[in-house]
Each structure stands twice: as C-alpha cells, then as structure tokens.
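Just so you know, these numbers use all the heavy atoms, side chains as well, and skip hydrogens, waters and symmetry mates. One-based numbering along the sequence shown.
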Amino acid sequence: MKDLPQIDYVWIDTDADLERLVESWLSCAYLIIDTEFERTNTYFAKPGLIQIADADGIYLIDPLALKSLKPLGRVLADPSIEIVMHSMSEDVDLLSYVCDCSINSLFDTQVAAAFLGYGLSLGYQGLVEKILGVELDKSETRSNWLRRPLTQEQVTYAAADVFYLADIYPKLLEGCVQSGWLDAVREECAAQVDSILSPRLYPEAAYLKLRGGWDLSIADQFILKQLVIWRDALAVKEDVPKSWVFSDAQLIEVVRSKPTDVNYMRSIDKVKPKSLRLYGQTLVDLLGSLENGTPPASFQEIDRPVKGKELEFYRAIKKELSSAAAEAGIDPQLIAARKQMEAWVIHLFREKNDTLPVETVGWRKQLIADRIERLAR
C-alpha cells in the first residue's frame, strides 16, 4: 500500500465494547462502514471484519469474537444516521442479515461519484486515486478474513477502506449539494437497498428473473415458480449456494423434461452428483405433485424477449435517454440500463400503457417521463 500514513484504530472484540459504541453512535450524523467477509461455499456471507469510522476515530469489529452483531442493527436502522458505504450491495446484504435489520438511510459513494461524472461503477481504489490522489494496493482483497490472527497487512488494508472514505464522503456530499443531485443520490441508494433485499423479502417473485424460462407454457412457469421457491428456501436452510442445490438453468430443464426418476436427471447439463443424491428424489416428488396444478388468474408470466418492432421502440427510448442524459450531464446508463429500458418497452409498447410504470418515480420520472411517454402516444 502506497502513501499510507499510520492509521490509529480501536479493536472491538467484546460485546460490552460494541454496546458502548452503539450507544455513542446513536447520536452521530453519519458513520462510514465497510466489511470483509468470506462467501465461497455458503448462502450467507460469513463476516470476517467490520470497519467503522466516525468523527472521532476508526473501529475494527471482530465478529468472530462476539456473541451477536444485532446491537449494531440499532444504528443501521436509525433513519437519522446516514450510513456511508462504497459499492453497497454485498455490505448491505451481509449487514442486514447478521444484524437482523433494515438500513434506512444510505449514501453510496459509488453512486454519488457516478452522478458527479466520475464514471459508472468506479471501484474504491479508483475513487481514492481520482479524488485524493492516493494510490492503494488492493492485494489483500482476496485474503482469508476468517483466519485469526489477521496479519498486519490485512488490518492496515481494512482500516484504510474507511480511513479514506471518511475524507471522500464530505467532498462528494458537497458536490451533490452544489450540483443539485443529492436527493437523486439518496433516492437511488434507497432503491438499490430495496433491490438487494427483495429476493429475501419476496421469494415468491424470484422465478421472474429466470428469463430463460419465458417460452414455457403458463402451467410450466407456475411449476417453475414453485421449484424456485423450494430451491431457494432449501439453500437458505442449509446455508449453501443455490447452485449447489440446482442452478436456474437446471430447474428450467427439469420443468421442460419432467423427469419421473432421479436417474433420468443425470443427463441434465452440469448437474452435480451430490445434488442428485441429496435433493434429487425430493425434486422429482415435488415435480410430480405440481403437474396437475392450475395457475391462478393473477399469475405473472416471465417476460418474453424484446424483438421485432419492439426493438425499434427500444432504440427510440435509448435515443431519448441519451439526449436527456446529455442535457443533465450524466451517463445514460445511470438513468436506465438495458434491462430497465426493456421493461419500459414491455409496459408501454407491448402492454399498451400510456405512462411509465408506477415504480418509476422521483428523479427519473422528472428527467425522462415526458420524453418516453410521448413515444407511446
């Protein structure tokens, strides 16, 4: 690691010390937070270290030494405390689980940097170099964070993640205020938190993301939905990756081929022998019990791909998006990536609606609603 000054930190390895800090943090306006974890053979990430910076110092919390991280949830859930992270997705997923809480006020410096013209998906190393002119060594990124004791290099690396973010946050915050993007940044962060947590909160909708099953019949899509719910719940229960049970593609193939015995399933591409041994018969039995089920009238089908004339409408949306983004001085993909634009095509062109979906609110709606809705008239 280059240009790194001595970083002072407090090591937290008792529940009493964590409780004491939580009480003090409840009066803070913001906290800088980062995490280190392992997630190779489990459904849930295993926390190895939690780094927090407040206005007074840096704290490294050792989850392996504590009975519970739930007290920290009081801080994360407090809407009056802004939680500052960089590239939040894995941190939010981890902390919401181990702390058993929601995160109600989040400022992602990666999102803020995108609104301020630093580029989309800028990594922490790049952000530090662009804003502070400091070059960081990220060689410890893939190290083992569950081993003890941690090396000095690991501890220094972890402390630096919140050390520099504490300097970057006020600069980005000021930039967002001056540019008028602060509300949009916070709105975008809240939407991303909802998206990160939605698979856990709404497991019944997970099948809609299996786009490869769009050409199944409605009855078969209904079966697929039940298999996805079963697979996901089993992965959570046994704390294994979903693909260790059966992958999305394998579940789709099961629905297509409707195997009546486990041996037939051996022909499915890349299916693991261990999956067949542990879960194969249960899957075959479940499939058999679902074959005569009737989807309810309200059943939502998986969206079919955007093709033909719909592609022309997609291109028209993309053109309007580029124009609006240029006027606003932001990257078009910040407004909507391909998947979002395809959803607008389906809503406006395929389903003949006159306005954007109700979930398209806030800064996006203000920026592009009139332009896009005009195309549908």
Side-chain angles (χ1 to χ4, degrees), residues 89 111 114-115 120-121 184 187-188 191-192 194-196 198-199 202-229 247-257 269 294-377:
S89 59
V111 173
F115 274 95
L120 295 171
S121 303
E187 181 187 315
E188 186 67 10
Q192 288 192 24
D194 289 343
S195 178
I196 293 163
S198 65
Y202 308 104
E204 69 281 357
Y207 76 101
L208 292 170
K209 295 185 178 181
L210 277 62
R211 303 292 287 273
W214 72 270
D215 58 346
L216 295 171
S217 67
I218 295 179
D220 281 352
Q221 287 190 32
F222 182 63
I223 293 174
L224 179 63
K225 174 181 179 178
Q226 311 310 311
L227 296 188
V228 171
I229 292 173
S247 69
D248 292 347
Q250 289 163 359
L251 289 184
I252 292 172
E253 181 56 31
V254 164
V255 175
R256 291 191 196 281
S257 58
D269 186 39
T294 302
S298 60
F299 179 74
Q300 184 177 354
E301 295 180 58
I302 299 170
D303 288 328
R304 67 178 186 270
V306 170
K307 295 181 177 179
K309 289 187 176 181
E310 291 179 341
L311 275 177
E312 296 178 15
F313 192 72
Y314 170 86
R315 295 186 187 103
I317 286 179
K318 188 175 182 180
K319 184 177 179 181
E320 289 292 341
L321 210 68
S322 296
S323 177
E327 292 177 13
I330 58 176
D331 192 295
Q333 290 190 61
L334 189 57
I335 304 176
R338 182 182 182 91
K339 186 176 179 181
Q340 181 63 69
M341 287 189 283
E342 287 180 344
W344 292 345
V345 170
I346 292 168
H347 184 79
L348 294 170
F349 190 88
R350 183 183 299 172
E351 298 176 354
K352 309 299 182 186
N353 292 294
D354 296 326
T355 59
L356 285 171
V358 292
E359 60 267 21
T360 308
V361 296
W363 73 273
R364 282 187 179 85
K365 190 173 184 66
Q366 295 173 16
L367 193 63
I368 47 85
D370 288 343
R371 292 172 179 264
I372 304 303
E373 290 168 359
R374 192 181 305 119
L375 297 173
R377 298 182 187 129

Discussion item. Looking at every non-hydrogen atom in both residues, tell me the closest pair between Leu356 and Ala369 and how far apart they are.
Written reply: CD1-CA, 3.8 Å
Worksheet item: Hey, does Gln226 have a side-chain heavy atom less than 4.5 Å from the side chain of Tyr207?
Response: no
Worksheet item: Charged N to carboxylate O under 4.0 angstrom, Lys339 versus Asp303?
Response: no
Discussion item. Against the six-membered ring of Phe349, is Lys352 placed for a cation-pi contact (under 6.0 Å from the centre, within 45° of the normal)?
Written reply: yes
Practice prompt. Inspect the surroundings of OH in Tyr202 and state if more than 12 heavy atoms from other residues, nucleotides or ligands are less than 6.0 Å away.
Written response: no
Worksheet entry | Heavy-atom pair of closest approach, residues Asp331 and Ala325 | C-CB, 4.1 Å
Item to complete: Please examine the side chains of Pro199 and Lys209, heavy atoms only from C-beta on, and report whether any two atoms are closer than 4.5 Å.
Response: yes
Fill in: Of Val306, Leu321, Ile346, Ile372, the residue whose pairing with Met341 passes side chain to side chain contact (heavy atoms under 4.5 Å, CB included)
Leu321
Practice prompt. Answer yes or no: is there a donor N or O on one side and an acceptor on the other, between the side chain of Gln250 and the main chain of Asp269, under 3.5 Å?
Written response: yes
Practice prompt. Using a 4.5 Å cut-off on heavy atoms from C-beta on, say whether the side chain of Glu320 contacts that of Ile368.
Written response: no
Worksheet item: Quick one: are Gln221 and Phe299 in side-chain contact, heavy atoms under 4.5 Å?
Response: yes
Fill in: Residue pair Gly213 / Ile252: nearest heavy atoms and the distance that separates them
N-CD1, 3.6 Å
Practice prompt. For residues Arg304 and Asp215, determine if any side-chain heavy atom of one lies less than 4.5 Å from a side-chain heavy atom of the other.
Written response: no
Response to the item:
Nearest heavy-atom approach of Arg371 to Ala324 is NE-CB, 3.6 Å
Discussion item. So that I can tick it off, tell me whether Glu188 and Arg364 are bridged by a salt bridge, with the cut-off set at under 4.0 angstrom between side-chain N and carboxylate O.
Written reply: yes
Worksheet item: Roughly how far, to the nearest 0.5 Å, is the CD atom of Glu310 from the CD1 atom of Ile317?
Response: 10.5 Å
Practice prompt. State the CH2-CD distance between Trp363 and Gln366, to the nearest 0.5 angstrom.
Written response: 10.5 Å
Practice prompt. Please step through salt bridge (charged side-chain N to carboxylate O under 4.0 Å, His left out) for the pair Arg374 and Asp354, ending with a clear verdict.
Written response: CA-CA 9 Å; Arg374 192 181 305 119; Asp354 296 326; over 6 Å; no
Worksheet entry | Test log, rule side chain to side chain contact (heavy atoms under 4.5 Å, CB included), inputs Lys365 and Glu373 | CA-CA 10 Å; Lys365 190 173 184 66; Glu373 290 168 359; 3.8 Å; yes
Worksheet item: Mind checking whether Gln192 and Ser89 have side chains closer than 4.5 Å, heavy atoms only?
Response: no
Fill in: Residue pair Ser217 / Phe222, side-chain heavy-atom distance below 4.5 Å
no
Item to complete: Specify the closest pair of heavy atoms between Thr355 and Leu348, including all atoms of both residues, with the distance to one decimal.
Response: O-CD2, 3.4 Å
Worksheet entry | Ring-face cation of Arg350 near Phe313 (centre distance under 6.0 Å, axis angle within 45°) | no
Item to complete: Please report the shortest heavy-atom distance between Ile302 and Leu210, naming the atom on each side.
Response: CD1-O, 3.5 Å
Discussion item. Using only atom types and a distance under 3.5 Å, with no angle test, would you say the side chain of Ser195 pairs donor to acceptor with the backbone of Ala191?
Written reply: no
Discussion item. Strictly below 4.0 Å, N to O, side chains only: are Glu342 and Lys318 in salt-bridge contact?
Written reply: no
Practice prompt. Apply side chain to side chain contact (heavy atoms under 4.5 Å, CB included) to the pair Arg338 and Tyr314, showing each step before the final yes or no.
Written response: CA-CA 9 Å; Arg338 182 182 182 91; Tyr314 170 86; 3.2 Å; yes
Worksheet item: Would you say the side chain of Ile330 lies within less than 4.5 Å of the side chain of Leu367, judging by non-hydrogen atoms?
Response: yes
Discussion item. Counting neighbours of CD1 on Ile218 that are heavy atoms of other residues, nucleotides or ligands and sit closer than 6.0 Å, is the number greater than 12?
Written reply: no
